[in-house]
Amino acid sequence: MTIISKAGILCVLPLAAALLALSAGNSFPNQQPQTDPQNSPAYDFVIQNGRIIDGSGNPWVSGDVAVRGDRIVKIGKVDASLAKRVIDAHGLVVSPGFIDMLGQSEIALLIDNRSLSKLSQGITTEITGEGASVAPQDALTLPGLQAGLDQYHLKIDWTTLDGYFGRLEKNRTPLNIGTYVGAAQVREAILGDVDRTPTPEELEKMKALVAQAMQQGAFGISTALIYPPGHYAKTDELIELAKVAARYGGIYATHMRSEGQSEVAAVEEALRIGKEAGLPVEIFHLKVIGQPRWGSMPKIVAMIQTARDAGQDVSADMYPYVAGGTALAASLPPWVADGGIPKLLERLTDAATRTRIKDELATEHPNWENLYLGSGGASGILLAGVVNPDLKKYDGQTLAQVATAQGKAPLDALMDFVVADKAQTGAIYFIANEDDLRYGLKQPWTSIGLDGSELSLDGPLFDAHTHPRAFGSMPRFLGHYVRDEHLLPLEQAIRKITSLPAQRQRLLDRGLLKEGFFADITIFDPATIIDRATYQNPAQLSEGVKYVLVNGQLEYEAGKLTGSQAGRVLRGPGWKPTL
């Protein structure tokens, strides 16, 4: 279902030293390891006999890994008799926990925080907040969000990032979670969902909200420029907001304004924002949309590589699928959503407006992304996440199938469905090309982001029809593309999902198997790891991940959750702790 949407050390530190340990990129200590030095074994875990791939990209080595509390304390030859528990990793790879560079779990974790879909893939850390973010919240942002959460009996009772982090720590999380502050979020908090330029006074208020979020631990500022209200922001507005994030050591992360007809211009805009604001750039879910442009990934990659060669810090993340996923309503022209969901639904009941929408969806536009056309029309759009019980029978069908069943023209079926499901329907768009995907995945500066929320196989958030990336991304990358297709060596693949994203986010003491680092560890079988989720049957656990430790606690073992919920809140480099 679509939702509209560290670390205590073993001893007690003096306050000043504790604050130093919790510096930029470190975690907030929501739990302390409990040990009795006189009676406890030397180690909580010793992992033996595995092939250690440390995340650096170096070849694997043999050896043991010892864990005490939330840290890796020894790598090499370890006396297993000194451990509370020994894990035999014979035939398995021992690697750092995988880092999801773009998740969507911030709200889901407050509803159902088991995170089976992510832990079963070996994911231990998620960075979230794409354009919209969990904070700031106010009277302008809350109504549309709260309406979708009432069914889960969840009330947004925070206004700031600090407030959310406090709620999450109280609720507990099995994953380490960090977030951006969304440019669309701060825009909506000051302007609402309107399509206009902020006044100078309003822009200053927006900048103040960015500064507040950065001080409270945001990793940077993010945009999602194909979606209203983020789409309404002009480049100069984004530069001003990004300048604030830059002052706190943040990055600019973007779902660009176009991944299709205007993608070259969109890359240029992202690079310009990074240059003029003075901060690194991260491009979300890099792809090339639309059959007329398939084969263009080398051109887009060359633009990014040229910028890197010239000294600009820019990288990207991807998910290993040719289909994207977002709301069905996102296929409509952005002006339809001016004023928010109520205005969108109202416009779709007007005959003249519907005629205009049909005309615009029949062609490409330089200023907005036509997902309908980019998917090849109704047959390339799969409904995935229907909310209205009366429409559930259409979940998992293409829009073309729905139109045929209802005896309607495809665009009429699309607009009627958006109205009937109150713009809550999710959809999968088959927009990309396998050759382009492979070309992007093998670049040394691309990492992996699921662009999906944590889920389980039952419970309040369960939906049989979601994007398979939610359950399968990391094993698909490692199994299908790395092992079976030989896209790149396993050690380099592990680097792309461990130390590379940790370095990009400046996560201190994470992303590597190294003495003194946090014990986020994934143990998997390289011969069997594979995704089982498909577009037709996406709610399927992947295979091959055997054990997952988060902050030194076993979270996943033999296909089952342990329930330890040892995840931590991660705060960015601008965090200023409150004494």
Side-chain angles (χ1 to χ4, degrees), residues 45 47-55 60 65 67 72 85 87-101 103 105 114-126 173-176 319-321 447-450 452-457 468-484 490-491 493-499 501 510-513 518-534 538-567:
F45 293 94
I47 304 166
Q48 288 189 319
N49 303 321
R51 290 161 49 186
I52 298 173
I53 298 181
D54 67 2
W60 72 269
V65 178
V67 174
I72 298 168
R85 178 173 177 185
I87 296 177
D88 185 0
H90 178 74
L92 306 178
V93 166
V94 183
S95 83
F98 305 156
I99 299 175
D100 179 358
M101 273 292 280
S105 301
R114 290 175 291 170
S115 302
L116 177 60
S117 62
K118 302 227 171 184
L119 290 169
S120 62
Q121 297 184 59
I123 293 169
T124 59
T125 296
E126 173 184 315
T173 170
L175 304 173
N176 302 312
Y319 46 77
Y321 295 88
S447 55
I448 302 294
L450 275 61
S453 172
E454 59 94 15
L455 295 167
S456 292
L457 294 176
R469 65 193 180 193
F471 284 90
S473 291
M474 297 297 185
R476 179 172 178 79
F477 175 57
L478 294 176
H480 175 67
Y481 287 105
V482 175
R483 181 191 60 234
D484 299 341
L490 181 58
E491 289 88 348
I494 295 297
R495 182 193 69 85
K496 289 166 74 70
I497 55 178
T498 58
S499 68
R510 297 189 191 272
L512 291 169
L513 294 183
F518 289 100
D520 295 341
I521 302 173
T522 292
I523 305 172
F524 68 94
D525 186 342
T528 64
I529 191 166
I530 197 66
D531 59 312
R532 294 303 179 196
T534 65
Q540 301 292 316
L541 294 185
S542 297
E543 296 180 3
V545 174
K546 304 301 183 181
Y547 305 90
V548 178
L549 284 79
V550 179
N551 296 308
Q553 296 191 41
L554 193 61
E555 291 274 12
Y556 183 79
E557 177 181 9
K560 295 182 180 180
L561 302 173
T562 68
S564 67
Q565 297 180 325

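For the numbers below, each heavy atom of this structure counts, side chains included, while hydrogens, waters and symmetry mates do not. Nothing fancy with the numbering, it's 1 onward along the sequence.
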Open item on the list: Run the side-chain contact (heavy atoms from CB on, under 4.5 Å) test on Ile530 and Asp484 for me, step by step, so that the C-alpha distance in whole Å, both residues' side-chain angles and the decisive distance to 0.1 Å come before the verdict.
Closed with: CA-CA 10 Å; Ile530 197 66; Asp484 299 341; 4.2 Å; yes

- [ ] Show your working on side-chain contact (heavy atoms from CB on, under 4.5 Å) between Tyr556 and Val545 and close with a plain yes or no.
- [x] CA-CA 9 Å; Tyr556 183 79; Val545 174; 4.2 Å; yes

- [ ] Could you go through the side-chain contact (heavy atoms from CB on, under 4.5 Å) check for Phe471 and Leu455 one step at a time?
- [x] CA-CA 8 Å; Phe471 284 90; Leu455 295 167; 4.0 Å; yes

Open item on the list: Quick one, Leu175 with Leu119, criterion side-chain contact (heavy atoms from CB on, under 4.5 Å). Give me CA distance, side-chain angles, the key distance, then yes/no.
Closed with: CA-CA 8 Å; Leu175 304 173; Leu119 290 169; 3.9 Å; yes

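Looking at every heavy atom in both residues, Phe518 comes nearest to Asn551 through CD2-OD1, 3.7 Å. Of all non-hydrogen atoms in Pro501 and Arg495, the two that sit nearest each other are CD-O, 3.9 Å. For Ile523 against Ile521, the heavy-atom pair with the smallest separation is CG1-CG2, 4.1 Å. Annotation for Ala493 and Val482: closest pair CB-CG2, 3.5 Å, computed over non-hydrogen atoms. Taking all atoms of both residues into account, the shortest heavy-atom contact from Ala519 to Val67 is CB-CG1, 3.7 Å. Nearest heavy-atom pair across Val550 and Ala566 is O-CB, 3.3 Å.
Here Tyr547 pairs with nothing under the side-chain hydrogen bond (donor to acceptor under 3.5 Å, both in side chains) rule; sequence neighbours left out. Qualifying ring-ring contact (aromatic ring centres under 6.0 Å, His included) partners for Tyr321, counting only residues two or more places apart in sequence or in other chains: His467.
Separating the OG1 atom in Thr562 from the CG atom in Leu549 is a distance of 9.0 Å, to the nearest 0.5 Å. Here the CG atom belonging to Leu561 is positioned 10.5 Å from the CG atom belonging to Leu554, to the nearest 0.5 angstrom. Expressed to the nearest 0.5 Å, how far CG of Leu513 lies from CD1 of Ile72 amounts to 5.0 Å. Between the CD atom of Gln48 and the CG atom of Asp88 there is a distance of 7.0 Å, given to the nearest 0.5 Å. Going from atom CG of Leu92 over to atom CD1 of Ile52 covers 12.5 Å, rounded to the nearest 0.5 Å. To the nearest 0.5 Å, atoms CD1 (Ile497) and CE (Met474) are separated by 5.0 Å.
With hydrogens and angles ignored, the 3.5 Å screen pairs no side-chain donor or acceptor of Arg476 with any backbone N or O of Asp531. A side-chain donor-acceptor contact under 3.5 Å links Asp100 to the backbone of Leu450. For the pair Glu454 (side chain) and Leu116 (backbone), a donor-acceptor distance under 3.5 Å is absent. Checking side-chain atoms of Gln540 against main-chain N and O of Ala533 turns up no donor-acceptor pair under 3.5 Å. Side chain of Arg483 to main chain of Ile529: a donor-acceptor pair is present (N/O by atom type, distance under 3.5 Å, no hydrogens or angles). For the pair Gln565 (side chain) and Arg114 (backbone), a donor-acceptor distance under 3.5 Å is absent. Between the side chain of Ser117 and the backbone N or O of Ser456 there is no donor-acceptor pair closer than 3.5 Å.
Within the 4.5 Å cutoff, the side chain of Lys118 has no heavy atoms near those of the Phe98 side chain. Contact check for Asp525 versus Glu543: no side-chain heavy atoms found under the 4.5 Å cut-off. Side-chain contact between Val94 and Ile53 is absent, with no heavy-atom pair separated by less than 4.5 Å. Side-chain contact check for Val93 versus Leu490: some heavy-atom pair is nearer than 4.5 Å.
Between Lys546 and Glu557 there is no salt bridge, since no side-chain nitrogen of the basic residue lies less than 4.0 Å from a carboxylate oxygen of the acidic one.
With no hydrogens or angles considered, a side-chain donor-acceptor pair links Glu555 and Ser564 at under 3.5 Å. Side-chain contact check for Ser542 and Gln121: no donor-acceptor pair (N or O, by modelled atom type) lies under 3.5 Å.
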